[in-house]
Protein chains: 2
Amino acid sequence: MSKVLVVDDDLDMLSLVRAALEKDGHLIDTEADATAVQPARCQQYDLLLLDVMMPGEDGFSLCRRIRAEVDCPILFLTAKAEDAALVQGFGLGADDYIKKPFSLAELRARVNAHLRREVRQPTHTLSRGGVRFDMQAKAAIAGEHTLPFTRGEYAICEHLALHAGQVFTKEQLYEAVFGFEAEGDPSAVAEHIKNIRAKLKADAISPIETVWGVGYKWRKNSVL
Amino acid sequence: MSKVLVVDDDLDMLSLVRAALEKDGHLIDTEADATAVQPARCQQYDLLLLDVMMPGEDGFSLCRRIRAEVDCPILFLTAKAEDAALVQGFGLGADDYIKKPFSLAELRARVNAHLRREVRQPTHTLSRGGVRFDMQAKAAIAGEHTLPFTRGEYAICEHLALHAGQVFTKEQLYEAVFGFEAEGDPSAVAEHIKNIRAKLKADAISPIETVWGVGYKWRKNSVL
DNA sequence: CGCTTCCTTATAAAATCCTTAAAAATGGCT
DNA sequence: AGCCATTTTTAAGGATTTTATAAGGAAGCG
């Protein structure tokens, strides 16, 4: 979830852009008056989308005014297709230049590409059966939202997913999660499995199979 | 001066692009055969420019193959102007998508914009979650005013923000802030976290999440 | 000395984990 | 098919662990 500020004097354009970007789960603020945009205000956003042609202050001027103090990507929306204007825009520190008329698909793709770059980091992630594990953040993500796993639940879940297809007894799972001293009641693991399944159910996925008389395993060929 | 690799089967195009980018002082390598491009080789470049339509392996396939191991910006050159292809390209982790025919001015402007962004990162200021860190001044700014952090509070806060998304135990945080001998009571860290949160609360932002049983982390805007 | 910062301690609050017990499901048996 | 023994699932409650909060004292610094 990222915060985006859109500056355009055309109110129709604002609502159009807002609707498009909100589909990707972003938080959109809009502003029709460029002169009202101060550097300090921009610092809370992850990306700025500026129209070039506006009465009063235009997008170029606004960019020039705030660039020094704003670190996030700045994208221009423009009807001017001339190279000179485009080069000028990039020269002011812009990160992209989207020519009108643009498709909403392109707008979304470009905005997301810039936001993604901001958070692109060497993360150890694993995707299995519709669930994405961020091993650094110790978080599991399904669809658009983070699953509210507890530490134990996450650990069991990650271990199963990491060794998808392999069957683990309750004792093995307990040991894998809490180290060697597996002094735990097997039913404690069953309890966790139950909770995990309940939380996954909200996203209509159930990758954990029970092997009767043996234990549990993560389904290997995920039918997503 | 940056190193750029251009992959295109069209030799005329290669020399054209090379000439254009060399005007900006970049070092250009070219490659006509996509299958010959290995991830390890790409890691020495600051930017990759890939043609989409190539005999043998196309640009999309190449991107897919190397993206996980290559961290630099990847730009597509393409004649395909359809939205679907464009969205697909961005979906593969591309950073820009330049439609043929493009002007050399636009090409240069876009390439330079991406390269500039890369070097903007190692600057001494960082903006995350509504807080801007001035690492030189050791000051954190939220909204209009400087946060009254103590030295230790600032250090913990900066370390968390710098490694947004990653979970740190109290011991790790203490060590990260005071170096080697982490002979500190974990509850001292908890105390600092409390104070940090209290001071951030005035600006209605709370980017620090507690991962129960593990530690703390700075919330990362996850862009799926 | 007064001030800030940091650490410690103590207590309250919260969340998780485990245990227990009953209900449901499974597989094998006659 | 029907029944039984075993295993799994579900549910609820208390015990345990971890975190949040508050207050007091030691150490550094002007």
Side-chain angles (χ1 to χ4, degrees), chain A residues 137-140 146-160 167-202 205-219, chain B residues 137-140 146-160 167-202 205-219:
Chain A
K138 302 273 182 207
T146 300
L147 295 164
F149 282 155
T150 69
R151 174 184 45 164
E153 288 164 8
Y154 174 83
I156 288 176
C157 212
E158 179 192 294
H159 188 260
L160 283 173
V167 184
F168 295 92
T169 67
K170 299 187 184 67
E171 290 79 4
Q172 285 175 322
L173 277 177
Y174 197 92
E175 188 182 320
V177 170
F178 296 104
F180 310 101
E181 42 177 305
E183 193 61 40
D185 193 313
S187 59
V189 174
E191 154 77 3
H192 288 150
I193 295 282
K194 186 199 72 163
N195 291 332
I196 292 171
R197 282 173 167 161
K199 287 167 184 174
L200 286 174
K201 192 155 197 172
I205 48 185
S206 57
I208 297 178
E209 292 179 348
T210 127
V211 180
W212 215 85
V214 186
Y216 303 95
K217 74 169 180 183
W218 191 277
R219 198 180 323 136
Chain B
K138 302 282 179 199
T146 300
L147 294 164
F149 282 156
T150 68
R151 187 171 50 253
E153 288 165 6
Y154 174 83
I156 289 176
C157 211
E158 178 193 295
H159 188 261
L160 283 173
V167 183
F168 294 93
T169 66
K170 298 187 185 67
E171 289 79 5
Q172 286 175 321
L173 279 177
Y174 196 92
E175 188 182 320
V177 170
F178 295 103
F180 343 96
E181 43 179 302
E183 193 57 44
D185 193 314
S187 58
V189 175
E191 158 75 4
H192 288 148
I193 295 282
K194 187 198 72 163
N195 291 332
I196 292 171
R197 282 174 167 162
K199 287 167 184 174
L200 285 174
K201 194 157 196 172
I205 48 185
S206 57
I208 297 178
E209 291 179 350
T210 124
V211 180
W212 212 89
V214 185
Y216 301 95
K217 73 171 179 185
W218 191 276
R219 193 173 345 112

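Basis for what follows: all heavy atoms, side chains included, without hydrogens, waters or symmetry-related copies. In what follows, every chain begins at residue 1, and chains take the letters A, B, ... in the order their sequences are listed. Please read these numbers as outputs of a predicted model, since none were measured by experiment.
Counting to the nearest Å, the P atom of C:dC18 and the CD atom of A:E153 are 11 Å from each other. Remark: P of C:dC17 and CG of A:N195 are 9 Å apart, rounded to the nearest angstrom. Distance, A:K199 NZ to C:dT16 P: 7 Å, rounded to whole Å. A straight line from NZ of A:K194 to P of C:dT16 spans 14 Å, rounded to a whole angstrom. In this entry the distance linking CZ of A:R197 with C1' of C:dA24 reads 14 Å, nearest Å. Between the C1' atom of C:dC18 and the CD1 atom of A:I193 lies a distance of 15 Å, rounded to the nearest Å.
Among the heavy atoms of the strands lying under 4.0 Å from B:Y216 are primed sugar atoms or P, OP1, OP2 only; no base atom is included. No engagement by B:F149 is indicated, since no non-hydrogen atom pair under 4.0 Å with the nucleic acid exists. Residue A:V177 is classed as having no contact, given no heavy-atom separation below 4.0 Å to the nucleic acid.
An OP1 or OP2 oxygen of C:dC17 is reached within less than 4.0 angstrom by no side-chain nitrogen or oxygen of A:Y174. For the OP1/OP2 pair of C:dC17 and a distance below 4.0 Å, the side-chain nitrogens and oxygens of A:T150 include at least one atom meeting the criterion.
Extent of DNA chain D lying under 4.0 Å from chain B heavy atoms, first and last nucleotide in 5' to 3' order, is D:dT17 to D:dA23.
Considering all non-hydrogen atoms of both residues, B:V177 and B:I156 come closest at CG2-CG1, 3.6 Å. For the residue pair B:K217 and A:A137, the shortest heavy atom distance occurs at NZ-O, 3.6 Å. Of all non-hydrogen atoms in A:I196 and A:E153, the two that sit nearest each other are CD1-O, 3.5 Å. The two residues B:P148 and B:K199 come nearest to each other via the heavy atoms O-NZ, 3.0 Å. Summarising the geometry of A:E209 relative to A:R197, their closest heavy-atom pair is C-NH2, 3.9 Å, with the distance given to 0.1 Å. Residues A:Y154 and A:A140 come closest through the heavy atom pair CE1-N, 3.9 Å.
Projected onto DNA chain D by closest heavy-atom contact, A:G215 and B:G213 fall at different nucleotides, the more 5' of which corresponds to A:G215. Nearer to the 5' terminus of DNA chain C, by closest-nucleotide assignment, is the contact made by B:G152 (compared with the other of B:G152 and A:R151). Comparing B:W212 and B:E191 by the nucleotide of DNA chain C that holds the closest heavy atom to each, the one mapping nearer the 5' end is B:E191.
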- Between A:L173 and A:L160, is a side-chain contact (heavy atoms from CB on, under 4.5 Å) present by the stated rule, with each step listed? CA-CA 8 Å; A:L173 277 177; A:L160 283 173; 4.0 Å; yes
